[in-house]
Amino acid sequence: MSMNIFRLCGDMCHVFSIIVLLLRLRVARNAQGISLRTHELFLLVFLTRYTDLFTTFYSLYNSVMKVLYIASTSSIVYAIRLQEPICSTYDRAQD
């Protein structure tokens with residue numbers, strides 16, 4: 001599989017947005033304006049979409065990106081659900 005510049009740009013934009021969100025959670029120490037349900041659905045999509053990670057090897061880049069997406073989305077869900085003081089600022093009624 002050859003590397004496509006548009007795929008690379010899309011992946012880097014996605015990684016950048018995840019980093020910004022993780023930094024925002026860490027610095028602001030609150031979950032206001034962040035949808036936990038959306039990130040749980042992202043995690044579900046990544047887990048089901050990337051099941052080929054265990055059966056087929058395409059490239060190191062592809063495998064690393066899949067693991068990165070799953071791990072980073074899991075850490076966002078973990079922070080909003082369980083990490084104090086972030087979880088105490090999450091408002092289920094607003095989600």
[X], [Y]: one ILVMFWY side-chain cluster at the under-4.5 Å cut-off?
| X | Y | result |
| --- | --- | --- |
| L82 | V77 | no |
| L22 | Y78 | no |
| L47 | M65 | yes |
| I76 | L41 | no |
| I19 | L8 | yes |

Separation of [Y] [atom2] from [X] [atom1] (nearest 0.5 Å):
| X | Y | atom1 | atom2 | result |
| --- | --- | --- | --- | --- |
| Y50 | S63 | OH | OG | 11.5 Å |
| S74 | L43 | OG | CG | 4.5 Å |
| R7 | M12 | CZ | CE | 10.0 Å |
| L23 | I18 | CG | CD1 | 12.0 Å |
| H39 | I34 | NE2 | CD1 | 6.5 Å |

Qualifying ring pair (Phe, Tyr, Trp, His ring centres under 6.0 Å) pairs, either residue in residues 17-37, two or more places apart: none
Stepwise side chain to side chain contact (heavy atoms under 4.5 Å, CB included) check, T55 with T51: CA-CA 8 Å; T55 60; T51 54; over 6 Å; no
Test salt bridge (Lys or Arg N to Asp or Glu O under 4.0 Å) applied to D52 - qualifying residues, sequence neighbours left out: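 Result, salt bridge (Lys or Arg N to Asp or Glu O under 4.0 Å) vs D52: K66.
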By salt bridge (Lys or Arg N to Asp or Glu O under 4.0 Å) - contacts of R29 (at least two apart):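 For R29 there are no salt bridge (Lys or Arg N to Asp or Glu O under 4.0 Å) partners, ignoring immediate neighbours.
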Geometric class of the F46/H14 ring pair [parallel <30°, tilted 30-60°, perpendicular >60°]: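 H14 vs F46 ring planes: tilted.
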Side-chain (T48) to main-chain (V45) donor-acceptor, under 3.5 angstrom: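 Here the side-chain-to-backbone pair exists.
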Short side-chain to backbone donor-acceptor contact, T73 and I70, under 3.5 Å: no
Chi angles and distances behind the side chain to side chain contact (heavy atoms under 4.5 Å, CB included) call for N30, I86: CA-CA 4 Å; N30 68 53; I86 298 169; over 6 Å; no
Nearest heavy-atom neighbours spanning A31 and T89: N-OG1, 2.7 Å
Atom of S72, atom of S75 and distance for their closest heavy-atom approach: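 Scanning both residues, the minimum pair turns out to be O-OG, 2.7 Å.
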Partners passing side chain to side chain donor-acceptor pair (under 3.5 Å) against [X] (at least two apart in sequence or in another chain):
| X | result |
| --- | --- |
| R49 | none |
| R26 | none |
| S35 | T38, D95 |

Flag for Y69-D11: side-chain donor and acceptor within less than 3.5 Å: yes
Sub-4.5 Å side-chain heavy-atom contact between R81 and L36: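 In short, these two side chains touch, coming nearer than 4.5 Å.
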CZ/F16: more than 12 non-hydrogen atoms of other groups inside 6.0 Å: no
